J.: 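Starting off with a structure, shown below.
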Amino acid sequence: MASTFTKVVHQVFLSFRGEDTRNSFTNHLSQALVYTGIHTFKDDIELRRGEDIYSERCFGEIVKTGNCKKHNNVRQTVLPVFFDISPSDVRNQNENFAEAFVKHEARFMLEKVKKWRAALTRAANLSGWALHEAPK
């Protein structure tokens, strides 16, 4: 009986918002992972210039990651790193999150936004790291 193997292209998927950490924390983490032989995917490399990275794509990545973990379709460990934000703000979607989601609810289908909210809550409920940028 022949067995099928799925080729693992990336062992780590770095999901991040963009400019705020692209050239600092995310870049350093990516380089450290590559240096140790871990294949990473950092979505800024694959983005086409002019593409909106702040809405559907990023939220879709978080939803998909959570679904894979939840349904065990993929043997996966999710290690959230909250850089310069409190996990409780993500979990409870306070302040800036609340304002942003009001705008998203006006722009996108409500069911889609509910999935995004739930995915963020699940991610924030995972044990991870809350890191804060050093004072300048």
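Keep in mind that what you see is a predicted model, and the values were worked out from it rather than measured.
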J.: To the nearest 0.5 Å, how far apart are OG in S88 and CG in N94?
T.: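 Going from OG on S88 over to CG on N94, the span is 7.0 Å.
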
J.: About how many Å separate NE2 of H28 and CG of L33, when rounded to the nearest 0.5 Å?
T.: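 L33 atom CG to H28 atom NE2 measures 13.0 Å (nearest 0.5 Å).
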
J.: For T121 and Q93, which heavy atoms make the closest approach, and how far apart are they?
T.: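 In terms of heavy atoms, the two residues are closest at OG1-NE2, 3.2 Å.
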
J.: How are the rings of F83 and F25 set relative to one another: parallel (under 30°), tilted (30 to 60°) or perpendicular (over 60°)?
T.: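 Parallel.
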
J.: Any non-hydrogen side-chain atom of D89 less than 4.5 Å from a side-chain atom of F82?
T.: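 A side-chain contact is absent here, since even the closest heavy-atom pair is not under 4.5 Å.
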
J.: Any non-hydrogen side-chain atom of F97 less than 4.5 Å from a side-chain atom of L120?
T.: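 They are in contact (side-chain heavy atoms under 4.5 Å apart), so the answer is yes.
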
J.: Which class fits the ring pair W116 and F59: parallel under 30°, tilted 30 to 60°, perpendicular over 60°?
T.: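 Answer is parallel, since the angle falls under 30°.
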
J.: Would you indicate whether the side-chain heavy atoms of L131 and D84 approach each other to under 4.5 Å?
T.: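 Contact flag for D84/L131 side chains = no.
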
J.: Heavy atoms, side chains only, cut-off 4.5 Å: are E105 and R117 in contact?
T.: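 Heavy-atom side-chain distance check passes, below 4.5 Å.
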
J.: Would a hydrophobic clustering, with Ile, Leu, Val, Met, Phe, Trp and Tyr connected at side-chain separations under 4.5 Å, put L29 with W129?
T.: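 Hydrophobic grouping puts L29 with W129.
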
J.: Taking C-beta and beyond as the side chain, do M109 and V113 meet within less than 4.5 Å on heavy atoms?
T.: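 Answer no - side chains too far apart.
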
J.: For E95, does the CD atom sit with more than 12 other heavy atoms under 6.0 Å from it, leaving out its own atoms?
T.: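 For E95, atom CD is not crowded (no more than 12 foreign heavy atoms under 6.0 Å).
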
